[in-house]
Amino acid sequence: MYRFLGLSIGVILHSMNSSERREAYACDITYGTNNEFGFDYLRDNMVTYKKDRVQRGHAFAIVDEVDSILIDEARTPLIISGKGENSTDLYQKADRFAKTLKKDVVVELESKQDTDAIYHGDYIVDEKASTATLTKLGVGKAEAYFGVENLMDTENVTLLHHINQAIKANGVMKRDINYVVKDGEVIIVDEFTGRLMYGRRYNDGLHQAIEAKEGVKVASESKTIATITFQNYFRLYEKLSGMTGTAATEESEFREIYKLDVVVVPTNRPMIRIDHPDVVYKTESGKLGAVIEQIKACHAKGQPVLVGTVSIEKSELLSSMLKRQGIAHQVLNAKYHEKEAQIVAQAGQLGAVTIATNMAGRGTDIMLGGNAEFLAKAQLVKEGFDDSQIYDITGFTETEDEVILEGRKHYAELMKKLGDETREKAIKVKEAGGLYILGTERHESRRIDNQLRGRSGRQGDEGESRFFLSLEDDLMRLFGGDRITGMMNTLRVDENTPIESKMLTSVIESSQRKVEARNFGIRKNVLNYDDVMNAQREIIYSQRSKVLEGEDLHEHILKMIDDFVSSSVNLYLAGDEEESWNFAGLREHFAGLFTVENDFNYTVEQLNSLTKEDIIEEAKRAARQRYDEKERELTPQILREVERVALLQVVDRKWMQHIDDMDELKKGISLRSYASHDPVVAYRMEGFDMFDAMIASICEDTVRILYNTRLKKDAPIERKQVLKAEPTGSDGSLSETRRVGKKIGRNDPCPCGSGLKYKKCCGKNQ
C-alpha cells in the first residue's frame with residue numbers, strides 16, 4: 001500500500017550487513033524489531049567513520065504491542081559486550097558446594113527477624129523478593145568447604161560472590177520457568193510473554209552460575225562496551241506512538257515515563273463474549289482436575305478451547321494429563337515458538353484444544369472454524385513448495401515463472417475450497433459457544449490476563465472465558481491467599497469444591513494491582529538510575545557525533561591543551577606559598593610533551609616577580625609552539641585526521657571503563673539509604689563527579705597521544721580500525737578481538753602514545 005502511494009519501504013533483519021541496513025534505514029518507512037533498532041543505535045555510536053553509520057536520526061516511531069516493548073521489556077537493558085575475563089572453574093566449585101546445602105523457603109523474609117534462630121537451613125530463599133541468603137550455618141560450611149578462615153574478609157569477596165550466585169541459581173532460578181536449556185545453551189524465558197530471549201544473558205555472573213548448575217559449557221564473562229534501556233532508546237524519538245489491546249491498566253506508567261496518553265478505541269462490533277467469574281480451588285490437584293473436566297465438556301460439543309498457562313512446566317503437565325484422557329491437542333510454549341502463528345491461527349477450529357503459555361499468539365487472529373489462508377499455505381508446504389516460492393505465490397510480486405503462475409491458480413482454488421469449508425465449520429463453532437478461553441492461573445499483571453481473554457470474542461464473535469485458580473498458585477500464595485484461605489477453612493471447603501464469587505475476583509485483582517505497583521516501582525527505579533547514565537551518554541554521543549560529521553577539531557584540541565596545562569600547573573603548584581610548589585613533579589608531568597630539561601627552573605628572584613598565572617601562560621606558549629612544530633612535521637591534513645581518530649579512540653576507551661565504574665558504584669549505593677540519603681541522588685552526584693574526572697582524563701590522554709605521534713619514514717600510511725569485531729548474537733555481543741603482530745613487552749613504551757610504559761598504561765590490567 002505504501003509503495004503504491006510512492007513511499008519507499010525498508011525492513012531490518014538480523015542477517016543483514018551494514019550496507020543493507022543503511023539502505024533500509026534510508027527508506028521513508030523502516031520496519032524492524034526493537035532489539036535490532038536499539039543495537040544499531042549503540043553500534044552507530046562506536047564507529048570511527050561517518051560512512052559506517054546505518055541509522056539516520058530518530059523522527060517518528062510507531063511501536064506495535066507497545067505495552068510489551070515499553071513496559072514488559074523495560075527492565076532488561078540492551079548491552080553490547082566484548083570478551084571479558086576468562087571463565088574460571090570457580091563457578092563449578094561454587095555450584096558443587098551449593099548442591100550440598102539445605103535451603104529454607106519463605107514467602108517473605110522480614111528484616112527484623114533473627115533468621116538464624118528461626119530457620120535451620122544453610123540458606124534462605126525469599127520467594128517474593130527472589131533472593132537467596134546464606135545463614136550463619138551456611139557461612140560456616142562454606143569456610144570449611146573452601147578452607148578459608150573468614151568468608152566475609154575482603155580478600156574472599158570474589159568467592160562470596162560466586163557462592164551467592166550459585167545458591168540463587170539453585171534455589172531461586174527454575175528450569176522451564178525462568179529459563180530453558182536448548183542445544184547446550186541456557187536461554188532466558190521472558191516472564192511476561194513466555195518467549196525465549198535469544199542472546200540475552202543474566203548479568204553479574206548469574207548466567208554462568210546457571211550454566212554450571214545445568215552442566216553446560218560455562219561461557220566467559222563479558223565486558224560492557226555500550227548499553228541503553230528500551231525506555232531511553234524510544235524516548236530519543238521526536239514523536240512516539242504505539243498500539244496494543246491492553247494499555248488501559250498501565251495508563252499512569254505511559255503518561256509518567258513516556259508522556260503518552262492512552263486512548264481506548266471502541267470495538268469494531270459489540271463484544272458478546274461471556275466472561276465468567278473466577279473459580280478458586282483449595283489445592284493445585286483439585287484445580288487441574290476441574291480444568292481437565294471443563295476441557296472434556298467443551299471438546300465433547302465441538303467448542304474449541306485455548307488453555308493459558310504461566311510456564312512451560314505447567315503447559316507440559318497439562319499436556320500429559322490430556323494425553324492420558326485421549327484428547328488430541330496442540331502445545332505452544334517457548335520450546336516450540338517457531339510454530340506459534342500456525343498453531344494459534346487454527347485454535348478456533350471445531351473441537352480444537354490448544355495449550356499456550358502467556359504469549360498466546362499476540363498479533364495472530366484466531367478465526368472461528370479455522371484460518372483458510374494458513375491451511376492453504378500448509379498444503380503448499382506439503383506439496384513441496386519452499387518459503388520463497390510460497391511468498392511469490394501468495395504475494396503481489398510480478399513474475400513470469402510458470403511454476404509460480406501455476407501455483408497461484410492452485411492457491412486460488414485451495415482458498416475457495418478451504419474458505420467454504422471453514423465458513424461451514426465456523427457456523428458449528430458459533431453454535432457450540434465460540435472459542436473458550438481457559439486460564440489456569442492469574443498472572444502478576446492484569447494486562448497479560450486480558451491478552452489471553454482477548455484471543456476470544458474478536459470481531460463480535462461468540463466466546464467464553466474463565467480462570468481456574470488454586471490457593472497454591474504463586475500469586476494467591478504470595479500476595480492474596482490469607483483472606484481466601486481463611487474463608488475456605490471457615491466454610492470447610494474440600495479440594496474439589498470451588499468458590500466462585502465477584503468478591504473473590506475483586507480480592508484477586510487487588511493482589512494483581514499490588515504486584516503491578518511493585519513492578520512499576522522496580523522499572524521506575526531502573527529508569528531513575530539509567531537517566532543519570534543517559535544524561536552522560538547523550539553528552540558523549542553528541543560530541544562524538546560532531547567529530548564524525550567532520551567538524552574541524554583543531555580549535556577544540558588547542559583548548560584541550562590549554563585546559564591540560566592549566567589543570568596540571570594548578571595541581572603541582574597548589575596553594576599560594578611558593579615553598580610548597582612542586583616544580584620537579586611538574587617538569588616530570590610535562591616531560592616528553594613540550595618541555596626541555598631546564599624549563600621551570602626558576603631562581604628565587606624570578607619567583608618573586610612571577611605569579612602562578614604567568615607560569616601557566618608560559619607553559620601554554622611552550623605547548624602551542626611545540627604543537628605548531630608537530631603540525632609542520634606531520635602536515636596539517638594528517639594532523640587533523642590524527643586529532644579526530646585519537647579523540648574517538650580515547651573517548652571510547654574511557655567511556656567503556658566509565659560504564660564499568662558506574663555499574664560498580666550502583667551496586668553499593670543502596671546502602672546510603674541507611675544513612676537517610678536518597679541512593680539515586682547520591683548516585684547522580686557521585687556519578688557526575690566521576691564523569692568530570694573522565695572528561696579530564698580524556699583531555700590528558702588525547703593531548704599525550706597527539707604530542708607523541710610520529711610519522712613513520714619510508715612507510716605507507718595505513719588506517720587500522722582499533723576495534724575489529726562483529727555481532728555474534730541477537731544481544732549484539734562482540735566476538736573476541738585478537739592482536740596481530742609483535743607482542744608488546746611489559747616495559748616497552750605503550751603503543752597508544754601516552755609516553756608511559758605498557759605495564760603502567762593499557763597493559764595494567766593484563
Side-chain angles (χ1 to χ4, degrees), residues 34-35 37-39 41-42 45 58 61 63 65-80 129-130 188 190-193 197 200 202-204 224 226-242 244 246-247 249-262 444-445 447 513-542 655 658-673 677-688 690-691 731-732:
N34 49 333
N35 281 358
F37 288 157
F39 283 128
Y41 169 72
L42 292 176
N45 284 285
H58 302 84
V63 185
E65 304 295 1
V66 65
D67 56 330
S68 176
I69 291 169
L70 297 190
I71 292 178
D72 294 343
E73 297 196 37
R75 278 192 282 179
T76 310
L78 293 174
I79 296 173
I80 289 183
S130 296
I188 300 172
D190 186 280
E191 63 176 302
F192 291 97
T193 65
M197 301 173 77
R200 300 281 189 90
Y202 294 114
N203 61 5
D204 209 22
T224 300
T227 178
I228 193 170
T229 60
F230 282 128
Q231 293 158 312
N232 276 321
Y233 172 72
F234 280 102
R235 293 198 303 185
L236 291 170
Y237 287 89
E238 296 169 30
K239 294 180 186 292
L240 177 63
S241 64
T244 179
T246 50
T249 58
E250 312 295 339
E251 185 172 3
S252 60
E253 185 164 351
F254 278 116
R255 185 173 292 114
E256 186 170 343
I257 304 298
Y258 301 101
K259 305 295 186 288
L260 292 174
D261 291 323
V262 174
E444 287 183 355
S445 170
R447 279 185 308 108
R513 276 192 288 271
K514 284 181 196 172
V515 185
E516 286 169 356
R518 175 171 160 266
N519 288 341
F520 177 32
I522 293 170
R523 289 191 292 269
K524 191 175 178 184
N525 193 52
V526 169
L527 185 62
N528 285 338
Y529 282 105
D530 193 61
D531 278 345
V532 178
M533 276 297 293
N534 196 53
Q536 300 177 7
R537 186 189 299 115
E538 286 178 354
I539 293 169
I540 290 292
Y541 284 2
S542 65
W655 177 243
H658 183 69
I659 291 172
D660 285 348
D661 293 343
M662 291 292 285
D663 196 42
E664 288 299 316
L665 174 64
K666 186 165 64 176
K667 285 178 184 177
I669 204 75
S670 59
L671 298 175
R672 305 294 175 86
S673 59
H677 295 155
D678 186 333
V680 176
V681 173
Y683 180 73
R684 184 183 300 119
M685 293 174 67
E686 293 189 27
F688 273 101
M690 290 164 59
F691 186 75
D731 65 336

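The structure displayed is predicted, hence computed values, not measured ones.
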Stepwise side-chain contact (heavy atoms from CB on, under 4.5 Å) check, E250 with L70: CA-CA 11 Å; E250 312 295 339; L70 297 190; over 6 Å; no
Intermediate values then yes/no, side-chain contact (heavy atoms from CB on, under 4.5 Å), F230 and N35: CA-CA 9 Å; F230 282 128; N35 281 358; 3.1 Å; yes
Results of side chain to side chain contact (heavy atoms under 4.5 Å, CB included) for R513 - residues two or more places apart only: R446, E509, S510, E516
Side-chain heavy-atom pair F691, I540 within 4.5 angstrom cut-off: yes
Derivation and outcome, side-chain contact (heavy atoms from CB on, under 4.5 Å), residues M533 and I659: CA-CA 8 Å; M533 276 297 293; I659 291 172; 4.0 Å; yes
CZ-CD1 distance between F39 and I79, expressed to the nearest 0.5 angstrom: 8.0 Å
Pairing residues for Y683 by the ring pair (Phe, Tyr, Trp, His ring centres under 6.0 Å) criterion, not counting sequence neighbours: Y529
Contact summary for I669 and A682, nearest pair of heavy atoms: CD1-CB, 3.9 Å
Rounded distance (nearest 0.5 Å) linking atom CD1 of I228 with atom CZ of R537: 4.5 Å
Partner residues of F520 under the ring pair (Phe, Tyr, Trp, His ring centres under 6.0 Å) criterion, sequence neighbours left out: none
Student check: side-chain heavy atoms of Q231 and D530 closer than 4.5 Å: no
Member of L527, L78, T227 meeting the side-chain contact (heavy atoms from CB on, under 4.5 Å) criterion with N232: L527
Reported NZ-to-CD distance for the pair K666 and E686, which is rounded to 0.5 angstrom: 14.5 Å
Ion pair check, D531 and R235, cut-off under 4.0 Å: yes
Closest non-hydrogen atom pair between A247 and F254, with its separation: CB-CE1, 3.9 Å
Interatomic spacing from CG in N34 to CZ in F234 - rounded to 0.5 Å: 5.5 Å
Value rounded to 0.5 Å, distance of CE in M685 from CG in D678: 11.0 Å
Sub-4.5 Å side-chain heavy-atom contact between L240 and Y258: yes
Approximate separation, where rounding is to 0.5 Å, of D67 CG and T249 OG1: 7.5 Å
Contact check, side chains of Q536 and W655, non-hydrogen atoms, under 4.5 Å: yes
